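Working notes, beginning with the structure itself.
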Amino acid sequence: MIRYVVFLTIFFSLFSNAQESDFEKLQSLFTQSRKQIPEDLALKYFDFKSTERANGLLTGAIIVKAADYIIFSTILGCNMGGSCEQSSLTSFNKIGERIDTIAFERTMADCSFDDKRAAVFIAENLLVFKEIRTKLDCLGGGKQIGEKVWLEFQPIKDDGSFSKPYSDFKAIERENYIFSHRVFSKEELDDRTMDELDVIKNEIFASHGYVFTKKKWQDYFESKTWYIPSDTDAVHKLTEIEKKNIEVILSMKQ
């Protein structure tokens, strides 16, 4: 019985070391972008098999490296007409067990459309993507006949899994939109000037239609196409994220 227990202990120890060794090998590949991932690792960690439409999986980058998880981006080209490339995000725990997978960036186009998705903000708890979908006229030499632009927000949970994403069409027009969608620490704002912090704080209020009494802010925000003054008291409209960011900014100004 003792021999059997010892045998199992050794077996699982060797298996665990092999798993860790493969995961370390995978991480080392991501020091270089667009490097082909060996078939065995692509299958083991990303469930990828070569097909006629995609004959290889390429490294992107290590997007997030948190205390309990790590997120890789991988690139997949496709053998279709026009321009076609898309990437995915896959999160793993520290021993290489896969947690979750979502779409990342993409570029797809032909004579009738141009579809782009690019990351514009990356943090441990939030990703922000800019989506641009353009309709083109094939018969008119590719002339643009319509376009939609918006931001998509992808929250990341503490365990490395991805929450349901949400879109915001108006945020694309604001300079400091991110302060309505993610809580910032004092350390992250240390390099901001007091004037910049004032703009961020007041932009949050302006996004809810606050009517400013100071001419400086009236003039500043009335020049913004997204600003619609409508309320002399916008405190009740603030989200919890916005309240926390305002608290941080006020504490830094004291």
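Just so we're clear, the structure is a prediction, and the values are computed from it rather than from any experiment. Residue numbers count from 1 along this sequence.
- Phe104 has its ring centre no less than 6.0 Å from the ring centre of Phe72.
- A ring-ring contact (aromatic ring centres under 6.0 Å, His included) with Phe212 is found for one member of Phe205, Tyr220, Phe221 and no other, namely Phe221.
- Counting only heavy atoms from C-beta outward, the side chains of Pro38 and Leu29 approach each other to under 4.5 Å.
- Glu131 has its side chain within reach of Arg106: a pair of non-hydrogen atoms, C-beta onward, lies under 4.5 Å apart.
- Taking both residues in full, the closest heavy atoms of Thr213 and Gln218 are given as O-NE2, 3.7 Å, listed atom of the first, atom of the second, then distance.
- Under 4.0 Å is where a charged nitrogen must lie from a carboxylate oxygen, and between Lys244 and Glu247 no such pair does.
- For Ser230 against Val211, the heavy-atom pair with the smallest separation is N-CG2, 3.7 Å.
- Counting only N and O atoms by type, the side chains of Asp159 and Ser161 include a donor and acceptor under 3.5 Å apart.
- Side-chain contact between Ile71 and Leu127: absent, with no pair of heavy atoms (C-beta onward) separated by less than 4.5 Å.
- Tested against Phe169 for a ring-ring contact (aromatic ring centres under 6.0 Å, His included), the candidates Phe153, Trp226, Trp150 yield a single pass: Trp150.
- For Val248 against Phe184, the heavy-atom pair with the smallest separation is CG2-O, 3.6 Å.
- Ile178 and Ile122 end up in different hydrophobic clusters when Ile, Leu, Val, Met, Phe, Trp and Tyr side chains are linked at under 4.5 Å.
- Linking ILVMFWY residues whenever their side-chain heavy atoms come closer than 4.5 Å, directly or via other members, leaves Phe162 and Val120 in distinct clusters.
- Side-chain contact between Glu124 and Ile156 is absent, with no heavy atoms from C-beta onward closer than 4.5 Å.
- For the pair Asp47 and Arg98, the salt-bridge criterion is met [side-chain N within less than 4.0 Å of a carboxylate O].
- Between Asp190 and Met252 the shortest side-chain heavy-atom distance falls below 4.5 Å.
- Here Lys215 does not pair with Glu222 in a salt bridge; the nearest charged N to carboxylate O distance is not below 4.0 Å.
- Residues Asn93 and Asp68 fail the side-chain proximity criterion, which asks for heavy atoms closer than 4.5 Å.
- Electrostatic pairing of Lys224 and Glu175 counts as a salt bridge here, judged by a charged N lying under 4.0 Å from a carboxylate O.
- Closest approach of Tyr177 to Ala171, counting heavy atoms only: CB-O, 3.6 Å.
- When the side chains of ILVMFWY residues are joined at heavy-atom separations under 4.5 Å, either directly or via intervening members, Val183 and Ile200 end up in two distinct hydrophobic clusters.
- Other residues, nucleotides and ligands contribute at most 12 non-hydrogen atoms within 6.0 Å of the CD atom of Glu39.
- When side chains are defined from C-beta on, Ile99 counts as touching Tyr69, because their heavy atoms get closer than 4.5 Å.
- In this structure the side chain of Gln144 reaches within 4.5 angstrom of the side chain of Leu136, judged on heavy atoms.
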